[in-house]
Number of protein chains: 2
Amino acid sequence: MKNTTLVTMTTSDSVPSRRQTWQKDAVLHALGTSQGFVSAQQLHRQLTQHGSAIGLATVYRTLNSLVADGLADSLVGREGESLFRDCSKDHHHHLICNGCGVAVEIEAKQAEAWASKVAKDHGFTDVSHTIDIFGLCKQCTK
Amino acid sequence: MKNTTLVTMTTSDSVPSRRQTWQKDAVLHALGTSQGFVSAQQLHRQLTQHGSAIGLATVYRTLNSLVADGLADSLVGREGESLFRDCSKDHHHHLICNGCGVAVEIEAKQAEAWASKVAKDHGFTDVSHTIDIFGLCKQCTK
DNA sequence: GTCTTATTGATATCCATTATCAGTAAGGCT
DNA sequence: AGCCTTACTGATAATGGATATCAATAAGAC
């Protein structure tokens with residue numbers, strides 16, 4: 001039971017200036033070329049297979065910071081692992097194929113509105129939601 | 001795990017008759033008395049603290065079979081752990097407090113309808129969805 | 001160039017969950 | 001009741017994703 005309400009004081013003056021590294025570029029680029037959602041492990045495998053000598057820990061770190069900075073989107077897959085995707089655009093949701101992993105972006109305004117209304121109605125704050133649809137795409141259904 | 005030689009199952013159907021054990025009852029009962037969603041670990045802790053000498057593996061096994069049988073509901077929490085809840089009723093969704101863990105049951109007909117429509121429109125089959133809202137409840141907001 | 005320190009990466013570690021497997025006991029049978 | 005099959009249990013090992021550690025490296029400021 002974790003209750004650490006940690007607020008990571010990234011405020012004001014103590015902001016460490018980010019440094020640009022080829023590793024970060026590599027992760028971002030690899031993310032960008034991926035079709036659907038990918039796990040950190042997959043990404044790392046892909047990178048190393050392409051010759052990159054990036055470390056696994058760095059991939060995790062980079063992905064997390066990307067998500068924190070809103071440059072990537074993440075969701076929890078079937079087995080509980082985190083999946084990532086390039087997504088500097090606005091917030092949206094996905095229709096994901098359990099077979100091939102393809103992810104279709106879907107408009108969820110309706111659902112979003114509903115979600116935030118429900119939360120508000122119950123006096124909840126700091127609201128986030130998880131709205132994703134899983135299934136088998138037309139190809140994989142065969 | 002290959003059982004090459006001892007398949008022989010002459011029994012009409014391969015459905016192994018379930019046996020009733022105090023362990024299963026204990027898990028089910030503990031689930032029933034829990035307020036919101038609980039993790040397998042929490043449940044096990046609760047049970048052992050109450051004198052029960054049930055094994056952790058059994059708790060996991062039982063919970064999984066409960067979910068498989070539709071007697072329990074499960075979802076993936078913030079840290080990626082599985083959370084369970086007594087829920088033989090029909091499918092529904094939850095508004096979950098990240099602070100205290102309280103789970104409010106919510107009507108999601110709207111969202112569900114939307115989800116299945118979107119999936120169908122894209123030719124997806126075997127569809128399931130993940131619709132949950134997280135936030136801080138009124139109490140924990142303070 | 002020199003210095004500071006953010007960042008990296010190999011590895012140890014953590015933690016939830018599952019697999020193993022010998023021992024136990026539920027429940028059918030006689 | 002006793003027997004027998006085997007579903008079930010539980011201590012523990014193993015798995016696997018993700019994070020922590022920490023010395024070494026290199027980005028960016030001077």
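From a predicted model like this one, the values you see are computed outputs, not experimental measurements. Letters A, B, ... are given to chains in the order of the sequence lines, protein chains preceding strands, and every chain is numbered from 1.
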Can you name the atoms? Protein N/O to nucleotides 5-11 of chain D N/O, anything below 3.5 Å, with the distance.
residue, atom, partner, partner atom, Å
D:dT6, O2, B:Arg19, NH1, 3.1
D:dT6, O2, B:Arg19, NH2, 3.1
D:dA7, O4', B:Arg19, NE, 3.2
D:dA7, O4', B:Arg19, NH1, 3.4
D:dA7, O4', B:Arg19, NH2, 3.4
D:dA7, N3, B:Arg19, NH1, 2.9
D:dC8, OP1, B:Arg19, N, 3.1
D:dC8, OP1, B:Lys24, NZ, 3.0
D:dT9, OP1, B:Thr21, OG1, 2.8
D:dT9, O3', B:Gln23, NE2, 2.9
D:dG10, OP1, B:Gln23, NE2, 3.2
D:dG10, OP1, B:Ala53, O, 3.4
D:dG10, OP2, B:Gly55, N, 3.1
D:dG10, OP2, B:Thr58, OG1, 2.7
D:dG10, N7, B:Arg61, NH2, 2.5
D:dG10, O6, B:Arg61, NH1, 3.2

In short, side chain to side chain donor-acceptor pair (under 3.5 Å) pairs touching residues 46-55 of chain B with sequence neighbours left out are none

Any side-chain N or O of A:Tyr60 less than 4.0 Å from the OP1 or OP2 oxygen of D:dT19?
no

Between its two end axes (five pairs each) the helix from C:dG1-D:dC30 to C:dT30-D:dA1 turns, nearest 10 degrees, through 30°

Quick one: label A:Ser82 by what it contacts on the DNA or RNA (base, sugar-phosphate, nothing), any heavy atom closer than 4.0 Å.
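Result for A:Ser82 = sugar-phosphate.
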
Whole-Å distance, B:Asn64 CG to C:dT17 C1', equals 9 Å

In this structure, how many angstroms lie between the C1' atom of D:dT19 and the CD atom of A:Glu81, rounded?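 Rounded to the whole Å, the gap is 17 Å.
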
> Other than A:Tyr60, which residues form its hydrophobic cluster under the rule that side-chain heavy atoms must be closer than 4.5 Å?
Replying inline: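 Same cluster as A:Tyr60: A:Leu56.
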
Apart from B:Val76 itself, its cluster of hydrophobic side chains linked below 4.5 Å comprises A:Val76

* To do: Kindly determine whether A:Ile96 and A:Val104 satisfy side chain to side chain contact (heavy atoms under 4.5 Å, CB included), including the steps that lead there.
  => CA-CA 6 Å; A:Ile96 299 144; A:Val104 183; over 6 Å; no

Expected list for residues 42-52 of chain A near DNA chain D, using heavy atoms below 4.0 Å, is none

TODO: Assert yes or no for the condition that the ring centre distance of B:Phe134 to A:His129 is strictly below 6.0 Å.
DONE: no

*Hey, is A:Glu112 close enough to A:Lys117 for a salt bridge, meaning N to O under 4.0 Å?*
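No, no charged N to carboxylate O under 4.0 Å.
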
